[in-house]
Visitor: 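The structure under discussion is supplied below as C-alpha cells; questions concerning it will follow.
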Protein chains: 2
Amino acid sequence: MDTDCPPAERRWPEPRPAGYDPGAFTPFAVTVDIVLMTVVQRQLKLLLIRRGRPPYEGAWALPGGFVKPDEDLATAAARELLEETGISTTTGSLRQIGSYGDPARDPRMRVVTVAYGAVAVRLEEAPRGGSDAAEAELVPVAEVQSDRLPLAFDHRRIVDDAVDRLRADLETTGVAHSFCPPEFTVRELREVHEAILQTELDSGNFQRKVTGREGYITPTERRAPTGERGGRPATLWRAGRPEDAE
Amino acid sequence: MDTDCPPAERRWPEPRPAGYDPGAFTPFAVTVDIVLMTVVQRQLKLLLIRRGRPPYEGAWALPGGFVKPDEDLATAAARELLEETGISTTTGSLRQIGSYGDPARDPRMRVVTVAYGAVAVRLEEAPRGGSDAAEAELVPVAEVQSDRLPLAFDHRRIVDDAVDRLRADLETTGVAHSFCPPEFTVRELREVHEAILQTELDSGNFQRKVTGREGYITPTERRAPTGERGGRPATLWRAGRPEDAE
DNA sequence: CCCGGTTATTGTCGAGATGACTCTAACATG
DNA sequence: CATGTTAGAGTCATCTCGACAATAACCGGG
C-alpha cells in the first residue's frame, strides 16, 4: 500500500562487509502490493483498502507494505496480506505480476513495488481479521477497469496487469481451481472461467474440455446438493489426478 | 550485474517531503539485469559479462547495474545495456521478466534486482563497444541451462525464467521477428523458432502457419540471394501488416 | 405415480487447425 | 540439359472446438 512505515529494525545486516560504502548507491524503498482476487456471484472481485494518510488519503489502494530487512519478497507479500486482511496464503500460491518503479509513482520518495497476485476461495465480504485495522472492501474488477473507481498510485495499472496475467494463466495452469473449494462442480468451475474471461461458455463444451484434460480434475463419488429449482445433481470433482492428495 | 557502485548523485529528491522520516524503512539497493538473447548458427545465445570484482570475481554474470535516482526501471535497463555492451534498445522492446529479492542473494547487502529480457538481431560476437570496459561473451543458453557454465548470484534462475517467458511469447506475440533483420525469409524465421523451442519444425507446415496468420508478416517483391548449393530463391518478408511502416 | 420444469452430462456434426507427407517451382552447377 | 537443392503449394487423415441436440436425474405439483 506504500503507506505504513514500519520501524527500521536495522538499516543493514551486521557486520557491514568490508569495502562497502553505504553512500555509494541510491537507496530505494521496496514494497509489495497484493492483488487478491475472488469470484463471488459470478463476478471477479478484488480486495482494496482505504488509505488512512496522505498521499491519496481516503483513496482505495491495494493491500501491501514495506519489505522487511531479512524477508523474501514473496514472504513479505504473504505477511502483509495476513496483517492487513487476516487471509493466510502460502508463498507458493502467490504469483509475481511485475515490478513498478517509476520515479514519480510515490510523491514522497523513491519506491519500487513488487506486485503479487493471490486468489481466495469465494470470499463473500471483506475480512476484518487483519491486525492493521483498516477499512477493506471487495469490489468488482470491472468497477476499477472502467475507471468508475479510481485507485491510488499506479495501482490501476497493476490491477490491469494482474487480470491479464490471470486470464493467460487460466488456459495454461490450474489457477481456476484455487477459486473453488476442495470439492466443486463443473458448473462452479465454469462460472469462475466466465467471470474471469467476461464471456459465456457453452456448458456442454466446457464439460467435455475440462473432463477430457488429462490430470486436470478427477471425479468423486459424491454429488452436490441439488438447487432450489431442482435439476439433476452434479458430480463433485477435485483438482488434479486421483493420487494427488492436495 | 550487482557490481559497480555509481556515485550517489543525491540520496533523495529535494525538497524532502514533510513528515517523511528516512530512517523509518529499510533501504534497498535496486539493480536491473538484462538477459540479451540472439539466435546465431541455429543456436539461442545470451550475452554474459565476466565479473571483475568480488563477490563471484571472475564468474560470468548478466549485464546490469544500479538504478539511478530519477530513472525508470526500463530506462535503467536500456542504459546499462548500452554502457556495458554498446547495444542500443528502446525501452518498449524490453520485456520485464521478474524481480528477485532473496535476502541472501548478494552477500554484501540487501539487493533487489529487476530482470529484463532483450533481443538482438543475429549478434555474431560479443560487442566491445561498451564504455564500461569488461570482458563480454555470447554463450549458448544450453551451456548455462546444463550447468556446464555456472553463473554468479541467482542469474541462472533469471536465465531460466527469461527463456521460459521467451518460449511463451513466441506463440502469442511477434517476438520472433526481433531476432531477424527487417527483411527476412520464412526459413530464417523458422530457424529462430527452432532454436528457441529446441525442436525441428516441418518447413511446409511452418510456411502455411506464418503466412496464413493475419497481420503477422507481409511479403515484399524482393527475393533473397540463393544459397551456395542453389535452390529456389526465397521471398523476403517484413513483420506486420502491409501498411505498417515498422 | 405421472408430468412439466430444471440442471447435468453425453452425443452429433461441421468448420477450421495441425501434422505427415507429396508435389511442383525456380534457382545452381556441370 | 540433367541433376541437386531449396521454396512453397497441395493432399489427406486427425484433432479441436463451437453450435446444437438428446438424454439423465433431480424437483414440485397434481
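Every chain is numbered from 1, with letters handed out A, B, ... down the list of sequences. Only this structure's heavy atoms are used, side chains among them; waters, hydrogens and symmetry mates stay out.
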Visitor: Indicate the ring-plane relationship of A/His193 and A/Phe206, choosing parallel, tilted or perpendicular according to the 30° and 60° boundaries.
Guide: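 Plane angle over 60°, so perpendicular.
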
Visitor: Can you give me the first and the last nucleotide of DNA chain C (5' to 3') that has an atom within less than 4.0 angstrom of a non-hydrogen atom in chain B?
Guide: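 Taking any atom under 4.0 Å from a heavy atom of chain B, the span is C/dT18 to C/dA28.
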
Visitor: Return the residues of residues 183-210 of chain B meeting this criterion: a heavy atom under 4.0 Å from some atom of DNA chain C. Order them by number, or give none.
Guide: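 Contacts with DNA chain C under 4.0 Å: B/Asp202, B/Asn205, B/Arg208.
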
Visitor: Need one value for A/Thr211: base, sugar-phosphate or nothing, where a base atom within 4.0 Å counts as base even if backbone is also close, heavy atoms only.
Guide: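 Contact class for A/Thr211: none.
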
Visitor: Pick the nucleotide of DNA chain D nearest each of B/Pro233 and A/Gly230; which residue has the one closer to the 5' end?
Guide: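 Going by which nucleotide is closer to the 5' end, it is B/Pro233.
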
Visitor: For the pair B/Asp202 (side chain) and B/Asn205 (backbone), establish whether a donor and an acceptor sit closer than 3.5 Å, ignoring hydrogens and angles.
Guide: yes

Visitor: Verify, without hydrogens or angle tests, whether B/Thr113 (side chain) and B/Tyr100 (backbone) share a donor-acceptor contact under 3.5 angstrom.
Guide: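 Judged by distance alone, no pair lies under 3.5 Å.
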
Visitor: Could you give the CZ-to-C1' distance, from A/Arg232 to D/dA24, as a whole number of Å?
Guide: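 One finds 4 Å between C1' of D/dA24 and CZ of A/Arg232, rounded.
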
Visitor: Indicate yes or no: does B/Glu137 engage B/Arg50 in a salt bridge with an N to O separation below 4.0 Å.
Guide: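 Salt bridge absent between B/Glu137 and B/Arg50.
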
Visitor: Should B/Arg156 and B/Asp160 count as an ion pair when the cut-off is N to O under 4.0 Å?
Guide: yes

Visitor: Quick check on side chain to side chain contact (heavy atoms under 4.5 Å, CB included): which of A/Val32, A/Ile34, A/Ile158 does A/Leu62 satisfy it with?
Guide: A/Ile158

Visitor: Do NZ/NE/NH1/NH2 and the carboxylate oxygens of A/Arg241 and A/Glu214 come within less than 4.0 Å?
Guide: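 So A/Arg241 pairs with A/Glu214 through a salt bridge.
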
Visitor: What's the verdict on salt bridge (charged side-chain N to carboxylate O under 4.0 Å, His left out) for B/Glu188 and B/Arg122, showing C-alpha distance, side-chain angles and the deciding distance?
Guide: CA-CA 10 Å; B/Glu188 290 176 297; B/Arg122 276 200 304 229; 2.4 Å; yes

